[in-house]
There are 2 protein chains.
Amino acid sequence: MKKKITLKHIAKELDVSISTVSKALKNSEEIGRDTKEKIQAIAKLYNYRPNNIAISLKNKRTKNIGVIIPDIVHHFFTTVFRGIEKYANEKGYNVIVCVSDESFDKEVINMEMLANGSIDGFIMALSAETQMKNDFNHLKEVTEQGIPLVLFDRITDDVICDKVIINDEEAAYNAVKKLIESGKKRIALFTTENYLGVSSKRADGYFRALKDHKLETDENLVLELPFQFEKEDKSEAFFERYSFDAVLCVNEIFAIRAMRTAQRMGIKIPQELAIIGFTDGILSKLSSPSLTAVAQHGNRMGEIAAQMLIEKVESDQERESFRTEIIEATIIERESTIH
Amino acid sequence: MKKKITLKHIAKELDVSISTVSKALKNSEEIGRDTKEKIQAIAKLYNYRPNNIAISLKNKRTKNIGVIIPDIVHHFFTTVFRGIEKYANEKGYNVIVCVSDESFDKEVINMEMLANGSIDGFIMALSAETQMKNDFNHLKEVTEQGIPLVLFDRITDDVICDKVIINDEEAAYNAVKKLIESGKKRIALFTTENYLGVSSKRADGYFRALKDHKLETDENLVLELPFQFEKEDKSEAFFERYSFDAVLCVNEIFAIRAMRTAQRMGIKIPQELAIIGFTDGILSKLSSPSLTAVAQHGNRMGEIAAQMLIEKVESDQERESFRTEIIEATIIERESTIH
DNA sequence: CGCCTATACGAAATCGGCTTCGTGTCAATA
DNA sequence: TATTGACACGAAGCCGATTTCGTATAGGCG
């Protein structure tokens, strides 16, 4: 086993000092021509690479970014991560991922693990539990320590930092508008239990669109579904009890489940029921019929988040200015709506 | 902005030496009762945490694991990652993820970025390009440096290290057997272009099952599909040209695409065409009809990989013993097959 | 021949924490 | 009273690389 070699090894081998080796490898003018060449040759021979950890300690810069997300299996978060990783890598940064699993405690633990020097900054989306508890002290502590933080998608106004979101309210509005313009009159909303910021914004857009188009809003047409997969009893009963000709779903899974339930009950899509879901993932593309979806452009979101973070990390000036970048969601029309 | 405080700060504040502070915080017997209490109080007050980087440098242990996967958007890799992250986190390790994007060069660059002290060991699945080129020098260099490496799923015999795989050949065999037992006679195989180790093993199982059950093997019934999404011309033509009553797909996407094409052509599933796909992901669960799938148990795979790696990382003994763990794939029966 | 300066390199501090080895003080004991 | 030892703490080296500052040697010049 080849041991990892250090400046010290090279120095000893050539009987020069460590500083000379260090300078020679940086091609410093200070070092004589042939000494430099000898040192560089040996370094190459041994395939010398400086130790990242030592450099991190010296520079107080790790070139690592910490990403904390509620879930990695969800397509949206995956695409955001992809965007982050791509941009970060181009800039020479590595990405450390922690999954909070929608748990407040895990989120806190993960942040603490990383906040002690392991990373230069955080990119994160809040866990559901954190949003419920409304407790953001772990975030505040981190920002107070001067560690840059970028929140995306699941954000909060209580923490002052850079943010990236989509225009949820408007996107929902436009989706509903599109349904109305295609002739639909009774439009349902399938949403999560309401602590998630994004869901409530989407609901706002939904209601505003109905009002603007003089359609009555019926609280009965709003179905709150649990996070986890379950028997689809609840939604089946909902289909039986209420009549509606279109549905907006706050995520892809809900949309697919709505579609399956409708199909099982012999409802024709999109003629009898049009469906639009948030998140334009593989499910939407590959279901049959394929799903019209609100694309959140996770990749771009991730790239922008990474860009904002790295900008902050690399600027030594401490002017505290924060911005919120809003990404325009776009509707991808497919077979589940009439157009 | 609160500056990050160090042992030095505490030492100066209490007018003791750094070593005293260090020992006091570790509750060393060496330090007097009240000195200890004073130091611990101040440390708590300032919320002191030791700097991970400094500890890493000292211990030559980062408590970071490097994970390199070809793609994060694919469900299988996501679940493996989930398993790794979970186990690693429990053991106090962080996970640095790099995506090779199926590219040899990126894989090499990523490894080099991480191999200089940033991580204690690697877990990875080879990129398609690496498997094609059959060039594993970057892996060998890493293992020669004594950095533990665990390969999963996409492995190679050319590198000596720990490995985790599923019984691909057998799983394919069993899937085909199940199709045959349900009365199917002409079974097609949708596979990737053949450099990927796993695909060829699955093909082996497919052929062996046909032979064992005295069904003729028809090379025409094997369709090689490209990685990327494309117009589905190729498979549509395939459906028109050849007749078959079942298909085994080496991944989920191929299975869903096969199903969509069949549906568009009015073929009834599973009566006229039964489908089994590898990877039991969301697509399989939520398609309609739902897909019978070979579950690869990515989560367990990830957990086991992480366990093997951490075991190696933490054992100081250098007895070089490597093992290959085989995970039993299981078939999850759903609506796309008859049972 | 003596002085000055440029050249080429080395010593040492630093990053933050850990750890080994001293050492000064005080009390107990011979 | 002198010796021993326990106790409580400090000095310093180390991990690996960078960087500032200092200095020996050489040559050039008056």
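Owing to the predicted nature of the structure, the values given are computational and were not obtained by experimental measurement. Every chain is numbered from 1, with letters handed out A, B, ... down the list of sequences. Side chains are part of it too, since the values below use all heavy atoms of this structure and drop only hydrogens, waters and symmetry mates.
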Is any side-chain N of the basic residue among [X] and [Y] closer than 4.0 Å to the acidic one's carboxylate O?
{"X": "A:D120", "Y": "A:K63", "value": "no"}
{"X": "B:R323", "Y": "B:E311", "value": "yes"}
{"X": "B:E102", "Y": "B:R154", "value": "yes"}
{"X": "B:R82", "Y": "B:E85", "value": "yes"}

Heavy atoms, side chains only, cut-off 4.5 Å: are [X] and [Y] in contact?
{"X": "A:L149", "Y": "A:D162", "value": "no"}
{"X": "B:T78", "Y": "B:F81", "value": "no"}
{"X": "B:I39", "Y": "B:L14", "value": "yes"}

Exercise. Would you check, one step at a time, whether the test side chain to side chain contact (heavy atoms under 4.5 Å, CB included) holds for A:V95 with B:V97?
Key: CA-CA 6 Å; A:V95 180; B:V97 194; 5.8 Å; no
Between [N] atom [atom2] and [X] atom [atom1], what is the distance in whole Å?
{"X": "B:I55", "N": "D:dC14", "atom1": "CD1", "atom2": "C1'", "answer": "15 Å"}
{"X": "B:L7", "N": "D:dC9", "atom1": "CG", "atom2": "P", "answer": "16 Å"}
{"X": "B:I53", "N": "D:dA17", "atom1": "CD1", "atom2": "P", "answer": "15 Å"}
{"X": "B:K3", "N": "C:dG16", "atom1": "NZ", "atom2": "P", "answer": "8 Å"}
{"X": "B:K4", "N": "C:dG17", "atom1": "NZ", "atom2": "P", "answer": "8 Å"}
{"X": "A:K26", "N": "C:dA8", "atom1": "NZ", "atom2": "P", "answer": "20 Å"}

Quiz item: Of the residues in residues 45-52 of chain B, which ones touch DNA chain C at a heavy-atom distance under 4.0 Å?
Solution: B:Y48, B:R49, B:P50, B:N51
Quiz item: Near DNA chain C, under 4.0 Å by heavy atom, which residues of residues 10-24 of chain A?
Solution: A:V16, A:S17, A:S19, A:T20, A:K23
Polar contact flag, side-chain donor to acceptor under 3.5 angstrom, [X]-[Y]:
{"X": "B:S103", "Y": "B:S100", "value": "no"}
{"X": "A:N299", "Y": "A:T79", "value": "no"}
{"X": "A:S19", "Y": "A:S22", "value": "no"}
{"X": "A:H138", "Y": "A:E112", "value": "no"}

Quiz item: Do any of residues 28-43 of chain B sit with a heavy atom less than 4.0 Å from DNA chain D, and if so which?
Solution: B:E30, B:I31, B:G32, B:T35
Quiz item: Hey, can you pull the residues of residues 57-66 of chain B with a non-hydrogen atom under 4.0 angstrom from DNA chain D?
Solution: B:L57, B:K58, B:K60
Quiz prompt | Euclidean distance, A:N116 CG relative to A:M111 CE, rounded to 0.5 Å | solution =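 One gets 11.0 Å once the value is rounded to the nearest 0.5 Å.
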Quiz item: In Å, rounded to the nearest 0.5 Å, how long is the span from NZ of B:K8 to CD1 of B:I18?
Solution: 6.0 Å
Exercise. Using the test side chain to side chain donor-acceptor pair (under 3.5 Å), find all partners of B:E13 that sit at least two apart in sequence or belong to another chain.
Key: B:Y46
Exercise. Taking all heavy atoms of B:K163 and all of B:T156, pick out the closest pair and write down the distance.
Key: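 Reported closest heavy-atom pair: NZ-O, 3.1 Å.
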Practice problem: Estimate the overall bend of the helix from C:dC1-D:dG30 to C:dA30-D:dT1 from the end axes over five pairs each, rounded to 10 degrees. | Solution: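 Rounded to the nearest 10 degrees, the bend comes out at 90°.
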